[in-house]
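Everything on this sheet refers to the single structure shown next.
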Amino acid sequence: MVKRCEDGDMKIGELARRTGVSVRALRYYQEQGLLAPTRDANGYRCFAASDVSRVATIQLLFSTGMRSSCVIEALPCMTGATDDAAPALVKNLLVVRERLVSDIQHRTRSLAVLERVLASAIPDSGPAPVFEGGYDDCIVRTTTPRTALPSK
DNA sequence: CTTCTTACA
DNA sequence: TGTAAGGA
């Protein structure tokens with residue numbers, strides 16, 4: 001008999017539907033070593049039921065700003081069982097935080113300079129400052145979600 | 001219709 | 001990431 005996905009196993013399309021991640025992105029995750037599906041006789045990827053939560057975790061880590069190489073290291077710390085301390089996760093989280101903080105500082109400086117230049121570039125009572133209440137809000141919204149949505 | 005790989009815009 | 005190509 002032909003080997004196929006069994007038990008809770010599912011093909012890529014189903015995992016995509018159940019996670020809301022595109023098939024494309026799922027294949028990409030595999031390329032990055034984040035997922036390691038088996039293959040059935042047809043060469044189709046077989047994902048385990050546990051991969052649904054695994055993908056959710058991957059997205060969570062990605063949304064912190066981690067890149068795939070870091071996610072690979074941090075993933076085992078979160079996957080399943082009551083892991084004791086998770087050094088790899090903490091380490092990578094600290095790295096990302098540092099990068100994010102310096103990034104915000106740089107952008108904040110750029111914004112301040114930009115406002116100064118803009119102010120001097122405008123004759124007189126030009127357009128009022130865009131953000132009168134400070135820049136906190138716009139700074140917080142500099143992160144763009146890079147998660148994929150279901151492919152209809 | 002779904003999945004596979006490769007590769008281009 | 002989308003997508004076309006050419007099969008299974």
Side-chain angles (χ1 to χ4, degrees), chain A residues 1-83 86-115 117-118 121 127 129-131 133-152:
Chain A
M1 54 187 283
V2 179
K3 181 185 181 183
R4 53 173 64 192
C5 291
E6 35 184 64
D7 301 332
D9 283 8
M10 65 197 101
K11 292 196 296 299
I12 199 167
E14 191 182 338
L15 182 60
R17 273 184 283 105
R18 291 168 50 168
T19 59
V21 174
S22 70
V23 168
R24 182 74 155 85
L26 253 17
R27 294 202 183 102
Y28 180 68
Y29 285 1
Q30 183 187 5
E31 279 183 43
Q32 302 303 296
L34 300 174
L35 291 174
T38 57
R39 299 277 187 163
D40 66 13
N42 294 315
Y44 288 8
R45 274 165 266 249
C46 289
F47 294 92
S50 60
D51 283 328
V52 173
S53 58
R54 189 184 177 80
V55 169
T57 301
I58 290 172
Q59 292 197 293
L60 177 65
L61 295 179
F62 267 148
S63 64
T64 67
M66 258 186 220
R67 52 176 73 73
S68 56
S69 60
C70 292
V71 175
I72 294 177
E73 289 182 19
L75 206 48
C77 299
M78 301 182 81
T79 177
T82 50
D83 231 321
L89 172 62
V90 174
K91 187 200 75 173
N92 287 301
L93 248 21
L94 291 176
V95 169
V96 175
R97 183 178 67 177
E98 209 168 310
R99 201 192 74 216
L100 252 24
V101 169
S102 96
D103 201 57
I104 289 173
Q105 297 177 325
H106 288 159
R107 287 171 187 277
T108 298
R109 289 197 201 96
S110 293
L111 186 54
V113 174
L114 179 152
E115 295 295 11
V117 175
L118 180 60
V130 180
F131 305 109
Y135 303 101
D136 293 351
D137 291 340
C138 70
I139 289 177
V140 172
R141 297 183 181 296
T142 55
T143 297
T144 299
R146 20 122 86 196
T147 52
L149 286 178
S151 53
K152 41 192 173 185

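Numbers restart at 1 for each chain; the letters A, B, ... are given by sequence-line order, proteins then strands. Only heavy atoms go into these numbers, but all of them, side chains included; no hydrogens, no water, no symmetry mates.
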To the nearest Å, how far apart are A:Tyr28 OH and C:dT3 P? 19 Å

What's the shortest heavy-atom distance between A:Arg4 and A:Asp40, and which atoms? CA-CB, 3.6 Å

Any side-chain heavy atom of A:Ser50 within less than 4.5 Å of one from A:Arg54? no

SB check A:Arg107 A:Asp103 (cutoff 4.0 Å): yes

Taking N or O atoms only and anything under 3.5 Å, show me the protein contacts with nucleotides 1-3 of chain B, one pair per line.
from	atom 1	to	atom 2	distance (Å)
B:dT2	O2	A:Tyr44	OH	3.3
B:dT3	OP1	A:Gly13	N	2.5

Which nucleotide, in any strand shown, forms a Watson-Crick or G-U wobble pair with B:dC1, with both distances under 3.5 Å? none

Do A:Tyr29 and A:Phe47 have their ring centres less than 6.0 Å from each other? no

Between B:dT5 atom P and A:Leu26 atom CG, what is the distance in whole Å? 13 Å

In whole angstrom, give the distance that lies between atom CG of A:Asn42 and atom P of B:dC4. 10 Å

Give me the atom names and distance for the closest heavy-atom approach of A:Cys77 to A:Ala88. SG-CB, 3.6 Å

G-U wobble or Watson-Crick pairing nucleotide for C:dG2 (cut-off 3.5 Å, both distances): B:dC8

Would you call A:Arg18-A:Glu14 a salt bridge at under 4.0 Å N-O? yes

